[in-house]
**Q** 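Just passing along the structure, written as structure tokens.
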Amino acid sequence: MKKLLLITTVLITLSYTNTINAQRFTEESNLGAGLAWTSLNYGVSAKYNFTEKHTGQIIVGSANYGFSFSGANSFSLTGRYAYNFEAGDIDFASYKPYLYGQIGYWTYKYDLGAFGGEFNQNSIAIGAGAGIEWSINNFVDGLAFSFELGYTNVSFDGVGSIGGFNGGGGIHYYFNL
């Protein structure tokens, strides 16, 4: 009960002390740091608003291949470009719809165990999609959430490919530079 009261008090205090509409995520020259996830990859993320219409993003993390072998690991480095549409505001939130294109380098490696050796595959991943980034007004200025739908294709030589339609999301805190 004490934790619930503490969380409620903090949220109410933040909502009264931060009376600026949470539009920092739409402004030019702001850097967003946080986490990004899709059904195919996830990791730490940095977004930079070159202008109000053009955003670059880098995601460094791991790839979700659906494998959980012991000794397995994966890596993904993905770069994105997003074209932002005009930002809007409703009663409780600010929002910014966008389209994105991405290209990345993904790798997967696991130990073959009793068979000896390692299995290691590398691939270039490409994708495109659309999303919406939003921030709750009068809450935490600079904190933004995103949801998106897209298509990603990753093809490993001689092994096959993974990909298809996927969903994802993220959370970023934007700093004024």
Side-chain angles (χ1 to χ4, degrees), residues 22 24-26 30-50 52-88 90 92-113 118-136 139-140 142-175:
R24 188 184 302 175
F25 70 98
T26 66
N30 281 349
L31 175 67
L35 302 171
W37 166 85
T38 70
S39 54
L40 297 176
N41 72 317
Y42 59 92
V44 295
S45 170
K47 288 181 163 183
Y48 183 74
N49 295 334
F50 297 107
E52 289 183 4
K53 296 283 185 196
H54 307 283
T55 300
Q57 180 179 11
I58 295 176
I59 304 168
V60 179
S62 187
N64 290 336
Y65 297 127
F67 301 110
S68 59
F69 298 114
S70 142
N73 62 53
S74 64
F75 172 77
S76 69
L77 174 63
T78 303
R80 284 184 166 186
Y81 163 77
Y83 178 81
N84 306 311
F85 294 98
E86 189 169 332
I90 54 177
F92 66 93
S94 301
Y95 63 90
K96 174 182 68 175
Y98 60 91
L99 295 175
Y100 71 87
Q102 71 180 27
I103 187 165
Y105 173 77
W106 295 12
T107 183
Y108 184 76
K109 179 171 72 173
Y110 65 90
D111 184 4
L112 292 173
E118 290 182 340
F119 175 78
N120 187 4
Q121 288 288 314
N122 304 311
S123 181
I124 300 296
I126 59 171
I132 188 163
E133 190 165 25
W134 57 278
S135 184
I136 300 171
F139 182 56
V140 177
L143 184 65
F145 306 89
S146 60
F147 297 103
E148 57 193 37
L149 295 173
Y151 180 84
T152 304
N153 185 33
V154 184
S155 181
F156 293 103
D157 292 336
V159 177
S161 64
I162 62 168
F165 290 98
N166 56 69
I171 183 170
H172 291 84
Y173 184 81
Y174 283 84
F175 301 91

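Starting from 1, each residue takes its place in the sequence as its number.
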**Q** Is the closest side-chain heavy-atom distance between Lys53 and Tyr83 below 4.5 Å?
**A**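 Of all side-chain heavy-atom pairs linking Tyr83 with Lys53, at least one is under 4.5 Å.
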
**Q** Going by atom types alone, do Thr107 and Gln121 pair a side-chain donor with an acceptor below 3.5 Å?
**A**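 No.
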
**Q** Less than 4.5 Å apart, side chain to side chain, heavy atoms only: is that true for Arg80 and Ile59?
**A**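 A side-chain contact under 4.5 Å exists here.
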
**Q** I want to check something: taking the side chain as every heavy atom from C-beta on, are Thr55 and Tyr100 in contact at a cut-off of under 4.5 Å?
**A**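 No; the side chains remain at least 4.5 Å from each other.
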
**Q** Between Thr38 (side chain only) and Leu40 (backbone N and O only), is there a donor and an acceptor less than 3.5 Å apart?
**A**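 At least one qualifying donor-acceptor pair exists.
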
**Q** Distance from Glu148 atom CD to Trp37 atom CH2, nearest 0.5 Å?
**A**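 The distance works out to 9.5 Å.
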
**Q** Evaluate Leu149 against Phe165 for side-chain contact (heavy atoms from CB on, under 4.5 Å), listing each step before the verdict.
**A** CA-CA 7 Å; Leu149 295 173; Phe165 290 98; over 6 Å; no

**Q** I'd like to know whether Tyr81 forms a side-chain contact (heavy atoms from CB on, under 4.5 Å) with Ile103, so could you lay out the CA-CA distance, the side-chain angles of the two residues, the decisive distance to 0.1 Å, and finally the verdict.
**A** CA-CA 9 Å; Tyr81 163 77; Ile103 187 165; over 6 Å; no

**Q** When you look at Leu143 and Ile171, which way does the side-chain contact (heavy atoms from CB on, under 4.5 Å) test go after all the steps?
**A** CA-CA 7 Å; Leu143 184 65; Ile171 183 170; 3.8 Å; yes

**Q** Are the side chains of Trp106 and Thr78 in touch, meaning some heavy atoms are under 4.5 Å apart?
**A**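 They are in side-chain contact.
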
**Q** Of all heavy-atom pairs between Ile124 and Tyr105, which one has the smallest distance, and what is that distance?
**A**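 Residues Ile124 and Tyr105, closest heavy atoms: CD1-CD1, 4.3 Å.
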
**Q** What is the minimum heavy-atom distance between Ala46 and Leu31, and which atoms define it?
**A**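 It is CB-CD1, 4.5 Å.
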
**Q** Compute whether any side-chain donor of one residue and acceptor of the other, for Ser62 and Ser74, lie under 3.5 angstrom apart.
**A**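 Side-chain D/A pair, Ser62 to Ser74: present.
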
**Q** Which heavy-atom pair separates Ile132 from Tyr98 by the least distance, and what is that distance?
**A**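 Shortest heavy-atom separation between Ile132 and Tyr98 comes out as N-CE2, 3.5 Å.
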
**Q** In terms of the angle between their ring planes, are Tyr174 and His172 parallel, tilted or perpendicular, with boundaries placed at 30° and 60°?
**A**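 Tilted.
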
**Q** Within the 4.5 Å heavy-atom criterion, are Leu77 and Ile58 side-chain neighbours or not?
**A**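 Yes, at least one pair of side-chain atoms sits under 4.5 Å.
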
**Q** So, do Phe85 and Lys96 sit near enough that their side-chain heavy atoms are less than 4.5 Å apart?
**A**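 Not touching, per the 4.5 Å side-chain cut-off.
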
**Q** Applying the side chain to side chain contact (heavy atoms under 4.5 Å, CB included) criterion to Phe75, which one of Asn122, Val60, Asn41 satisfies it?
**A**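 The residue from Asn122, Val60, Asn41 that satisfies side chain to side chain contact (heavy atoms under 4.5 Å, CB included) with Phe75 turns out to be Val60.
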
**Q** Yes or no on side-chain contact (heavy atoms from CB on, under 4.5 Å) for Gln102 and Ile126, after CA distance, side-chain angles and deciding distance?
**A** CA-CA 6 Å; Gln102 71 180 27; Ile126 59 171; over 6 Å; no

**Q** Counting only N and O atoms by type, is there a donor-acceptor contact under 3.5 Å from the side chain of Asn49 to the main-chain atoms of Lys47?
**A**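 Absent.
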
**Q** Would you please indicate yes or no on a ring centroid separation below 6.0 angstrom for Phe175 and Tyr173?
**A**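 Yes - the distance between ring centres of Tyr173 and Phe175 falls below the 6.0 Å cut-off.
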
**Q** Mind telling me whether Trp134 and Phe147 have parallel, tilted or perpendicular rings, with 30° and 60° as the class edges?
**A**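 Parallel.
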
